[in-house]
*Asks:* 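Just passing along the structure, written as structure tokens.
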Amino acid sequence: MADPVLSIRDLSVEIPTRHGIVRPVDGVSYDIAAGEILGVVGESGAGKSMAGNAVIGLLNPPAHISKGEIWLNGKRIDHLTGDAMRRLRGKEIGMVFQDPLTSLNPLLRIGDQLTETMLTHLPISRSEAEKRAVAALEEVGIPGAAERVNSYPHEFSGGMRQRVVIALALCAEPSLIIADEPTTALDVSVQAQIIALLRRLCRDRGTAVMLITHDMGVIAEATDRVAVMYAGRLAELGPVRDVLTHPQHPYTHGLMASTPLASQGKSRLHQIPGAMPRLDAVPDGCAFNPRCPHATDKCRQAPVPRVSNGQAACWYPLVEEKVI
Amino acid sequence: MLAYIIQRVGQSALVLLIVGLVAFSMFRFVGDPIDNMLGQERTAEDIDRLRAQLGLDQPFVVQYYKFLEGAVQGNFGVSYRQGRPVAEILLERAPATLELAMVSGVLAILFGIALGVFTAIRRDGLLANVIMSGSLIGVSLPTFLIGILLIYLFSVELGWLPSFGRGETVDLGGWSTGFLTESGLKALILPSITLGLYQMTLIMRLVRSEMLEVLRQDYIRFARARGLRDRAVNFRHALKNTMVPVITVIGLQLGAIIAFAIITETVFQWPGVGLLFINAIQFVDIPVMAAYLMLISVMFVGINLLVDILYFFIDPRLRADRSGGH
């Protein structure tokens, strides 16, 4: 395999608070190759978005990277600050946010927002940028792109706006896209279209994608590999089919079991007992141990093994027979 | 858009009609001016003659109609005290007030917006915090006190600037301006600071809080995520969104600057319409008071109308909503 576009090594993010330091991202490592889509799943507060923000350098102070390395196309970027980091944003790393209704500036024409972004990063003339803006809108499937460049965001529907947001994230041709819950705020019927669009564009361009979501359906549909996060730590990492059909970590298993399936009819939905620990009260040993049906004393004391090649962060990974 | 403007103009006319009624009512209810105008040595015939001459013997509705008819033509009758047409006196005084208000307004808007943006962007900076604390003085000190303090410091102690009057003025086709002489400009400094300080701090604090709100929005985060330069994010993306609510307040404050010039004009003996109004009150010179009231309300209504129209150019969403869009 060629060198990955993004490589995160043992990344930790810390936030000093009045109750001590909390660690929303704790020793996370993963790679994303060109043209690959990595799904990052987990409950709210599991650290999925925080890891994405760390990569693009948009952590809100006092949150900061406390440990680990981030490599982008062979360059280390975690220590970059100010203008050096800004030049990477948009140019090397694009980002798509959750809510297309609020991510576009309501007072600027979308064409202006596109050309502005391109002119910031690319050595092209204004007229060239305007041409590319129309092309970018066509590419994301906006009908009548030549006229629509002059429209304001409020003149588009939610799904169309998310297409515009994707066009904006991709317009300077970054090698990595961080899509933070890109379909969560959309109608179900539009979600699949947006996912398909994102998938197609990234495949065509060889863009690496970090797709952050809590929707297992989106994961199954769009991603190549999955990283499951729990309480800031990586629980499991592997090819999407393996993780979805043969989860090794009890948490992943619980997560899968609590995803409703149309084929199941009206049977009672599985719940993982308890709730994710608060970040200032993560238990010793495995963070999942209070909720885990298989937990032993070892899980409550010894630090769990790190996720490694096809191996979950668990002392007692589920083997196939155990899957219900 | 045209329909919207026509609607707003209609509302403005209604407001003016009501203010006109209030202004006119003063004639009826604030004493009898005839007593003041004629001395002790009056006869019954004198009183009747003057009453007829001023039209005060006619029914209420007729008088109101005549008042409005005159007001529309700029004719507010004759000043009881000076015996000259009110419109003439006002026109003579207007340049002083308008120049003062204009300088104060421009100062307040420029410094208010600049300091507001600065304190929002450098939210945790030392200088920004000093400015914010200092602005409390501007908000909480009454205008007359600020005026007196400035006079004490710059006129009495330092002797740099005049403490009263307009200095020399130059007559430009009926408009007497203080902009063209050194003493005129010097005389403008203290009154315009006094008049504009409150508005400046108000605008500054408003711009700051609106800007902080806007900087939290997703589209600002998205603009940063696209790697736009700080300058573009702060001024192109954030400031424009900040201005929508700020413009309303600025509009109202401009009206207030003209209206509240009364106090500043009194402190600095500034020969404008505000001082005229104060003197008119002392002498129950009702035509002057009524005309002043009308003048101020026309300004307020006019500025508000202008602000509403300005929205159209700033916020594209309004344009769409009014034309029946989605």
Side-chain angles (χ1 to χ4, degrees), chain A residues 52-53 55-58 60-61 82-110 112-114 116-122 150-157 161 164-165 167-172 174 177-180 185, chain B residues 1 113 117 120-125 128 207 210-248 307-326:
Chain A
N53 289 339
V55 170
I56 200 168
L58 281 179
N60 288 324
D83 212 46
M85 193 65 220
R86 177 192 65 74
R87 278 170 210 279
L88 286 183
R89 287 199 286 267
K91 178 91 179 75
E92 301 286 335
I93 312 171
M95 191 149 185
V96 176
F97 287 102
Q98 175 173 349
D99 189 353
L101 300 185
T102 57
S103 12
L104 294 168
N105 190 326
L107 303 188
L108 297 177
R109 295 171 202 276
I110 57 161
D112 291 342
Q113 302 193 38
L114 277 162
E116 180 187 29
T117 309
M118 284 186 269
L119 288 173
T120 305
H121 295 296
L122 305 174
N150 292 320
S151 302
Y152 289 94
H154 71 266
E155 295 167 303
F156 291 87
S157 67
R161 275 193 236 189
V164 173
V165 169
L168 271 165
L170 284 167
C171 70
I177 289 281
I178 300 172
D180 193 348
Chain B
M1 168 152 183
I113 292 177
V117 169
I121 294 174
R122 297 279 152 78
R123 178 154 61 130
D124 301 316
V207 167
E210 287 294 333
M211 183 103 172
L212 286 177
E213 186 61 36
V214 168
L215 286 175
R216 270 196 290 274
Q217 300 295 314
D218 279 355
Y219 54 80
I220 294 299
R221 212 174 147 68
F222 188 42
R224 285 198 204 290
R226 297 204 302 277
L228 301 184
R229 293 184 182 88
D230 281 352
R231 194 156 29 96
V233 173
N234 287 335
F235 291 97
R236 201 170 133 81
H237 287 259
L239 186 57
K240 208 173 173 194
N241 280 284
T242 303
M243 289 319 286
V244 177
V246 170
I247 280 182
T248 322
V307 165
D308 284 338
I309 294 170
L310 254 183
Y311 280 158
F312 270 86
F313 292 98
I314 292 197
D315 196 338
R317 286 168 294 190
L318 276 177
R319 279 175 246 166
D321 291 348
R322 293 292 170 178
S323 58
H326 59 161

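What's counted below: heavy atoms across the whole structure, side chains too, no hydrogens, waters or symmetry copies.
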*Asks:* Relative to chain B, which segment of A:Leu58 carries a heavy atom at a distance below 4.5 Å: side chain, backbone, both, or neither?
*Replies:*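 When you check distances to chain B, atoms from both the backbone and side chain of A:Leu58 fall under 4.5 Å.
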*Asks:* If I measure from the heavy atoms of chain B, does A:Asp180 come under 4.5 Å with its side chain, its backbone, both, or neither?
*Replies:*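 Answer is neither: A:Asp180 stays 4.5 Å or more from chain B.
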*Asks:* Tell me, for A:Glu92 versus chain B, whether the close heavy atoms (under 4.5 Å) come from the side chain, the backbone, both or neither.
*Replies:* neither
*Asks:* Taking A:Leu119, A:Leu104, A:Ile178, A:Asp99 one by one, which has the highest count of heavy-atom pairs under 4.5 Å against chain B?
*Replies:* A:Leu104
*Asks:* Contact part of A:Ile93 toward chain B, heavy-atom cut-off under 4.5 Å: side chain, backbone, both or neither?
*Replies:* backbone
*Asks:* Considering only heavy atoms and a distance below 4.5 Å, find which of A:Ile56, A:Val165, A:Leu88 pairs most often with chain B.
*Replies:*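 Of A:Ile56, A:Val165, A:Leu88, A:Val165 has the most heavy-atom pairs under 4.5 Å with chain B.
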*Asks:* Which heavy atom of B:Phe222 sits nearest a heavy atom of A:Ser103, and at what distance?
*Replies:*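 Closest pair (atom of B:Phe222, atom of A:Ser103, distance): CD2-O, 3.0 Å.
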*Asks:* Can you name the closest pair of heavy atoms from A:Cys171 and A:Leu114 and give their distance?
*Replies:* CB-CD2, 4.0 Å
*Asks:* Among A:Arg86, A:Met85, A:Met95, single out the residue with the greatest number of heavy-atom pairs under 4.5 Å to chain B.
*Replies:* A:Arg86
*Asks:* Can B:Met243 and B:Ile113 be said to form a side-chain contact (heavy atoms from CB on, under 4.5 Å), step by step?
*Replies:* CA-CA 9 Å; B:Met243 289 319 286; B:Ile113 292 177; 3.6 Å; yes
*Asks:* A:Asn53 and B:Arg221: side-chain hydrogen bond (donor to acceptor under 3.5 Å, both in side chains), yes or no, with the steps?
*Replies:* CA-CA 11 Å; A:Asn53 289 339; B:Arg221 212 174 147 68; 3.1 Å; yes
*Asks:* So, for A:Pro106 and A:Tyr152, which heavy atoms are closest and what is the spacing to 0.1 Å?
*Replies:* O-CD2, 3.9 Å
*Asks:* Which residues satisfy the side-chain hydrogen bond (donor to acceptor under 3.5 Å, both in side chains) test with B:Asp308, sequence neighbours excluded?
*Replies:*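 If we apply the side-chain hydrogen bond (donor to acceptor under 3.5 Å, both in side chains) test to B:Asp308, skipping adjacent residues, the hits are B:Arg8.
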*Asks:* Please state whether the side chain, the backbone, both or neither of B:Val214 comes within less than 4.5 Å of a heavy atom of chain A.
*Replies:*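 Neither the backbone nor the side chain of B:Val214 comes within 4.5 Å of chain A.
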*Asks:* Less than 4.5 Å to any heavy atom of chain B: does that hold for the side chain of A:Asn60, its backbone, both, or neither?
*Replies:*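 Interface part for A:Asn60: side chain.
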*Asks:* Please classify the contact of A:Gln98 with chain B as side chain, backbone, both or neither, using a heavy-atom distance under 4.5 Å.
*Replies:* neither
*Asks:* Identify all side-chain donor-acceptor contacts of residues 223-235 of chain B below 3.5 Å with residues at least two apart in sequence or on another chain.
*Replies:*
| from | atom 1 | to | atom 2 | distance (Å) |
| --- | --- | --- | --- | --- |
| B:Arg226 | NE | A:Thr117 | OG1 | 2.7 |
| B:Asn234 | ND2 | B:Asp230 | O | 3.4 |

